[in-house]
Each structure stands twice: as structure tokens, then as C-alpha cells.
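Reading through the C-alpha cells given below for one structure.
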Amino acid sequence: MIGLISATAAGAAARDRLAAAWPGRAVVYEGPVREAVHRAFAECEQLVCFLATGAVVRLLAPLLSDKSADPGVVCVDEAGRHAVALLGGHAGGANALAEAVGEVLGAAPVVTTATDAAGLLGLDMLGLPVEGDVAGVSRAMLDGAPVELRADAVWPLPALPPNVAPGSVPADPADAAVLHVTDRLVESGARRAVVRPASLAVGVGASRGAPVDEVVGLVHDALREAGLSPLSIAELVTVDAKAGEPGIVAAAARLGVPLRTYAAEALAGVEVPNPSGAPLAAVGTPSVAEAAALAEGGELLVPKRKSTPPPGSEGRAAMATCAVVRRAPRGRLAVVGLGPGARDLLTPRAREELRRASVLVGLDQYVDQIGDLLRPGTTVLESGLGAEEERARTAVAEAREGRAVALIGSGDAGVYAMASPALAEAGADIDVVGVPGVTAALAAAAVLGAPLGHDHVSISLSDLHTPWEVIERRVRAAAEADIVVTFYNPRSRGRAWQLPEALSILAERRDPATPVGVVRNASRPDESVRVTSLAALDPATVDMMTVVTVGNTATRQIAGRMVTPRGYRWQSAAGTGEGGR
Ligand code: SAH
């Protein structure tokens with residue numbers, strides 16, 4: 001919950017706007033400011049104070065304990081011009097909260113955390129648990145001092161700055177900063193931090209009524225004796241029949257990990273070193289713990305072991321079993337659409353994925369478009385026009401190595417672009433995330449007016465990959481069905497006759513006066529827009545930076561804009577109809 005506190009009328013007005021924007025997420029603390037701040041600090045994960053930073057510092061100073069526990073605090077000034085992340089920038093989420101408050105109130109977020117300010121990665125922003133001297137290692141990272149990277153495997157992490165690399169500290173002096181990425185227990189100390197990848201699957205079995213302490217104790221013992229960290233547990237896994245077993249459910253909650261269950265038949269098919277008759281009789285599989293842990297593959301680090309009954313119950317039979325498996329890292333491929341060109345048509349999610357990647361694959365001109373958004377240290381693999389297959393293969397191969405890869409394309413990366421060749425290449429062994437983008441057709445439509453108000457298609461006139469007969473058949477079908485058509489790749493130096501040919505096919509079914517929109521470089525600095533007609537369009541004015549949108553028989557030019565009616569209950573331009581629902 002986010003606690004909101006204000007003192008003045010202007011503050012209260014801004015506070016109420018925030019409360020209205022975040023119903024169920026934000027709660028207003030009324031009354032004297034001092035008590036309100038104290039109560040909110042005790043009860044909320046985050047605070048937004050419509051108060052001077054000085055006042056908030058004085059009120060909070062006696063309450064602060066440490067940054068992993070304290071709420072994140074944002075201050076907003078009287079005029080609502082700035083949202084200052086005051087406390088708990090990373091762990092408390094105040095940096096992100098300042099951004100979010102800024103968006104609602106139109107205030108500029110003020111973030112002073114060094115790692116964010118420099119565009120570098122905060123260790124605590126990896127989305128993975130980190131322990132040890134996080135502040136010390138972060139400082140070394142930020143200062144550009146060498147940080148020895150010791151990773152057990154390639155993990156899909158965001159780009160680390162170039163000073164963080166294996167072998168960056170040659171003689172290994174005792175005071176060197178070291179960043180481990182491992183599920184193993186390692187020696188702690190000053191300037192040593194450990195990032196915990198979610199690599200371990202812990203299989204558990206339990207008889208009915210097994211106490212949670214016995215299950216958790218077993219898991220902790222098993223991991224400790226194998227030299228493994230509980231912070232690297234990806235999930236607890238068991239058989240469907242135990243999905244509601246209270247000791248297992250509570251153990252997952254206490255360990256802070258998800259619980260996943262498998263059907264007994266699935267587990268029965270997993271080969272394990274220690275099958276036994278008891279679970280076969282009880283739940284229908286000769287192994288629960290080992291089979292569940294191994295269900296997604298991996299290396300069995302701790303074979304099945306039994307729990308120790310808690311003090312007081314010595315002598316009774318063990319009620320729980322567990323087994324631990326290390327899974328291979330899964331790489332991550334994000335297929336990211338960059339939009340038509342303008343920076344503000346790049347979605348926030350696309351931006352986030354670009355900063356989430358350690359490898360960027362794309363056409364050189366698109367890399368230039370977003371190069372400034374990448375984290376320092378990102379590996380850029382760019383290639384020229386025509387190398388689509390190679391780009392797709394490279395991106396998938398990098399993800400297979402375990403890396404976090406962003407494969408970029410203009411507009412939407414799934415539309416005449418990289419997503420299909422890449423996914424044709426990718427197997428089930430990597431994670432794939434798609435980020436939609438604003439296509440050229442949509443960007444062009446927005447500047448033309450409302451040409452896509454009813455059914456519409458896109459047709460690419462490039463016959464490099466598609467035989468002309470196929471293209472022609474589709475254009476005829478669109479003509480026949482009276483559908484608005486947007487032509488992509490309409491004309492290049494070597495392909496001049498296709499556009500006139502396609503237009504003449506549409507002209508067989510549409511009036512010569514049918515509006516046609518020609519948009520070149522939509523949303524880019526040299527954008528140009530023309531609305532003409534089927535009869536008047538001069539193909540020579542069209543090139544590969546252009547899309548051509550041809551209206552249907554109902555499309556009109558109204559005040560210079562291209563408008564396609566929604567189809568029924570259409571009235572005149574000045575009419576009252578909004579169209580049907
Ligand atoms: N994935 C892209 C399309 C790539 S195909 C998308 O979703 O939009 C390349 C063709 O797209 C170009 O030949 C041109 O016809 C069109 N195109 C791409 N960006 C454009 C822009 N900003 N303005 C006009 N047309 C554009």
C-alpha cells in the first residue's frame with residue numbers, strides 16, 4: 001500500500017488526484033502531519049509526502065532502520081513540479097515511484113541514486129536476490145574500478161559495465177571487488193557480493209500432516225550440506241496429489257518461492273536413481289521428490305533424502321523427503337518492435353526490454369535509432385539489409401548460450417520483420433518475449449485521418465520472397481471484398497511496375513476518385529503526407545520509405561482527411577452517429 005500525506009490545500013489537491021488515479025493502491029493519511037507520517041511509515045511499503053524534503057527528513061530520521069526494510073519515500077513540492085525519490089531508491093522502489101507519481105501529476109521525477117543516474121545497472125535491480133557487500137561492489141562498478149566477475153554459467157542478465165568481467169583483477173588481491181553469480185555458498189567479505197540465479201528445483205514429498213518446520217528444515221539441511229544457497233531456489237515441486245498439503249504449501253511460502261505440481265503419470269515417466277514402493281502405492285509414482293525435481297531436466301545435486309523428525313518426536317518415521325536439481329540456464333529472446341521512428345512512439349515496455357538485454361541484434365539503421373538507450377556494456381551485433389536469416393540465427397544462437405537478447409525491428413517486429421524467422425529457428429529451450437510496436441500502417445493512418453475505420457489489410461508488394469501471382473491474388477481478393485489496403489514495400493528502384501499494377505487491380509472495383517494516402521517516413525523528422533486519389537496518384541512519388549493506403553468504396557476525404565466509415569448507421573460528416581456498438 002502507498003501512504004499519501006499532505007499538509008497544505010495544494011498538497012491535498014495533488015494527493016487526491018493521486019488517490020483517484022490509484023484506487024486500492026494508495027491510502028490517504030489524514031490528521032496532524034507528524035503522526036500521519038509515523039503511521040504511514042509503519043503501515044505502508046511506500047510513502048508519497050506532499051511536503052518539503054527537509055520536513056520529511058526530520059520526521060523520518062528517528063524511524064529509519066535499514067534500506068532493505070524501510071519504505072520507499074517520495075516527496076512532491078507544493079507546486080507539484082518535482083517528485084523527489086528521497087529514500088529507498090532501489091529496494092524501497094522510490095525511484096520507480098517517483099517516475100509513476102511524475103506521470104500522474106505531470107511532475108519531473110528527481111532520482112539521485114548513482115547507478116540509475118549513470119544509466120548503469122544497480123545490482124539490486126537485476127530481478128534476482130543479491131547478498132553480501134552490495135553497496136561496496138556497486139560503488140566499485142560505478143567508479144569504473146575493476147570488478148572480478150565469477151559466474152558459474154552464462155545467465156540471461158542485463159549488460160554489466162565493461163569493468164565487471166572475468167579476469168579484470170589480475171593478481172587477485174584480497175581487497176579486489178568480486179561479483180559472484182552462483183547458487184553455491186561462497187566466502188563472504190568486504191567488496192564481495194553474490195547474485196543468486198534461480199537455478200535450483202527442489203522436489204519435495206510429504207506424508208499427510210507433515211509439519212512445515214520439518215519440510216523447511218529438511219530443505220535447508222539438504223542445501224547447506226551440498227553447499228548451495230536457498231536464495232537460488234527457483235521453485236518447490238511435487239506431485240499434484242500434494243498440491244494442497246499444508247506443510248508443503250507453507251514451506252514454499254516461507255522460502256518465498258512458487259510451488260509447482262506435476263501429474264503422477266508424468267513423474268512416473270521420469271528416470272530417477274532412487275525409486276521406491278511407498279509413493280507408488282500412495283500417489284501412483286515410484287518417485288515424488290527426485291522425479292519432480294528432475295521433471296524439467298538438469299543435474300541431480302542432492303539425491304532423495306529424508307527429514308529428521310523435530311525435537312519431541314524423535315523416533316517417529318520421517319514425514320518428508322527432498323531432492324535438489326540444478327537446471328541449466330534458459331536464455332531469453334525479446335523480439336522488440338521499435339515503432340515507426342519517433343522516440344515517443346517507442347513503448348515504455350520496448351525501452352525496458354532494450355535495457356534488460358546484454359546482447360542487441362538488429363539492422364544497423366535501427367541500432368542507430370535506439371543506441372543511446374542501451375546500457376553501457378551491451379554487445380551490439382548489427383548487420384545490413386538483406387541479412388534477415390543471419391540476424392535471426394545469431395539472435396537465437398546467443399539466447400541458446402543463456403544470454404538475454406533483444407532482437408529489434410522497426411514498427412512491429414512481427415510484421416514483415418524479424419519475429420517469424422527468429423521463432424522458426426527457436427526451440428522450446430529458450431524463453432521468448434514479444435513486445436508489440438506501432439506499425440507503419442498505424443502511424444500512417446493516424447496522420448492521414450481515419451482510413452482504417454473498418455476492415456483493412458496490409459499487403460507487401462515486395463516479390464523478393466513471394467511470387468507475384470500470390471501477391472496479385474491477394475490484391476484481387478481485397479478488391480473483390482472492398483477492403484481498405486495498405487501497401488508496404490510499395491516501390492523500389494528495381495521494382496517499379498508492381499504498384500501501378502496493384503492500383504489498377506483495385507481500380508477495377510473502385511471509383512477513380514477513391515482517396516489514397518501516401519505517407520513517407522511516418523513519425524520521422526522528414527515525414528510527408530499526401531491524400532490523393534486512385535486516378536491521380538503518381539507512382540514516381542512513392543519509394544521504400546513509404547506506405548500507400550487505398551480507401552474502399554465508402555472512404556471519403558473530409559476536410560483534407562481520409563475517413564472510412566465504420567460501416568453501418570453511418571451519417572454525414574456532421575451527423576450525430578458515432579456508429580454502432
Ligand atoms: N515491421 C515494419 C515493416 C517493415 S517492412 C512495421 O511494422 O511497420 C518495411 C516497409 O515498411 C517499408 O518499405 C515501408 O513500406 C514501411 N515503413 C516502415 N517504416 C515506415 C515509416 N516510418 N513510414 C512509412 N513507411 C514505413
Side-chain angles (χ1 to χ4, degrees), residues 1-7 11-12 14-53 55-77 80 82-105 107-117 121-131 134-135 138 195-196 198 230-231 233 250 252-258 348-349 352 356:
M1 201 48 89
I2 304 171
L4 310 180
I5 302 105
S6 63
R15 175 199 72 186
D16 292 343
R17 271 164 64 203
L18 211 54
W22 295 340
R25 243 183 96 198
V27 51
V28 171
Y29 282 78
E30 305 266 14
V33 168
R34 186 188 153 79
E35 276 110 80
V37 168
H38 280 219
R39 268 191 297 132
F41 193 85
E43 293 168 8
C44 296
E45 289 81 53
Q46 297 184 316
L47 270 62
V48 180
C49 301
F50 298 85
L51 301 166
T53 51
V56 177
V57 168
R58 284 178 204 292
L59 287 170
L60 291 184
L63 306 180
L64 300 179
S65 67
D66 89 82
K67 73 174 180 184
S68 64
D70 290 339
V73 179
V74 168
C75 288
V76 179
D77 63 287
H82 298 111
V84 183
L86 185 70
L87 206 63
H90 289 153
N95 292 349
L97 182 62
E99 296 266 350
V101 169
E103 252 165 51
V104 177
L105 300 180
V110 178
V111 170
T112 58
T113 323
T115 43
D116 280 35
L121 184 66
L123 272 186
D124 44 358
M125 295 299 281
L126 292 172
L128 296 172
V130 195
E131 53 185 349
V134 178
S138 292
V195 174
R196 295 298 185 189
L231 290 178
I233 303 179
R254 208 183 279 177
L255 292 163
V257 299
R349 192 181 295 184
E352 213 160 274
R356 171 79 185 68

On a heavy-atom basis, which atom in [X] and which in [Y] lie closest, and how many Å separate them?
{"X": "Ala107", "Y": "Gly80", "value": "CB-O, 3.4 Å"}
{"X": "Ala36", "Y": "Gly31", "value": "CB-O, 4.4 Å"}
{"X": "Ala85", "Y": "Val74", "value": "CA-CG2, 4.3 Å"}
{"X": "Leu123", "Y": "Val130", "value": "O-CG2, 3.2 Å"}
{"X": "Glu30", "Y": "Arg39", "value": "O-NH2, 3.3 Å"}

Quick check for you: to the nearest 0.5 Å, what is the distance between [X] atom [atom1] and [Y] atom [atom2]?
{"X": "Leu47", "Y": "Asp70", "atom1": "CG", "atom2": "CG", "answer": "10.5 Å"}
{"X": "Cys49", "Y": "Leu86", "atom1": "SG", "atom2": "CG", "answer": "8.0 Å"}
{"X": "Glu131", "Y": "Arg196", "atom1": "CD", "atom2": "CZ", "answer": "4.5 Å"}
{"X": "Thr112", "Y": "Asn95", "atom1": "OG1", "atom2": "CG", "answer": "7.5 Å"}
{"X": "Glu45", "Y": "Arg25", "atom1": "CD", "atom2": "CZ", "answer": "11.0 Å"}

For Gln46 and Pro71, indicate whether the former's side chain and the latter's backbone hold a donor-acceptor pair under 3.5 Å.
no
I'd like to know if the side chain of Asp77 and the backbone of His82 have a donor-acceptor N/O pair within less than 3.5 Å.
yes
Is it true that, when you exclude [X] itself, more than 12 heavy atoms of the residues, nucleotides or ligands shown sit nearer than 6.0 Å to its [atom1]?
{"X": "Glu103", "atom1": "CD", "result": "no"}
{"X": "Arg34", "atom1": "CZ", "result": "no"}
{"X": "Arg58", "atom1": "CZ", "result": "no"}

Just wondering, do [Y] and [X] contact through their side chains at under 4.5 Å, heavy atoms?
{"X": "Ile2", "Y": "Leu4", "result": "yes"}
{"X": "Leu63", "Y": "Leu60", "result": "yes"}
{"X": "Leu18", "Y": "Phe50", "result": "yes"}

[X]: which residues meet the side chain to side chain contact (heavy atoms under 4.5 Å, CB included) condition with it, sequence neighbours left out?
{"X": "Ala7", "value": "Val33, Leu51"}
{"X": "Ala135", "value": "Asp133, Arg139"}
{"X": "Arg17", "value": "Leu105"}

Check the pair Val56 / Leu87 against side chain to side chain contact (heavy atoms under 4.5 Å, CB included), numbers first and verdict last.
CA-CA 10 Å; Val56 177; Leu87 206 63; over 6 Å; no
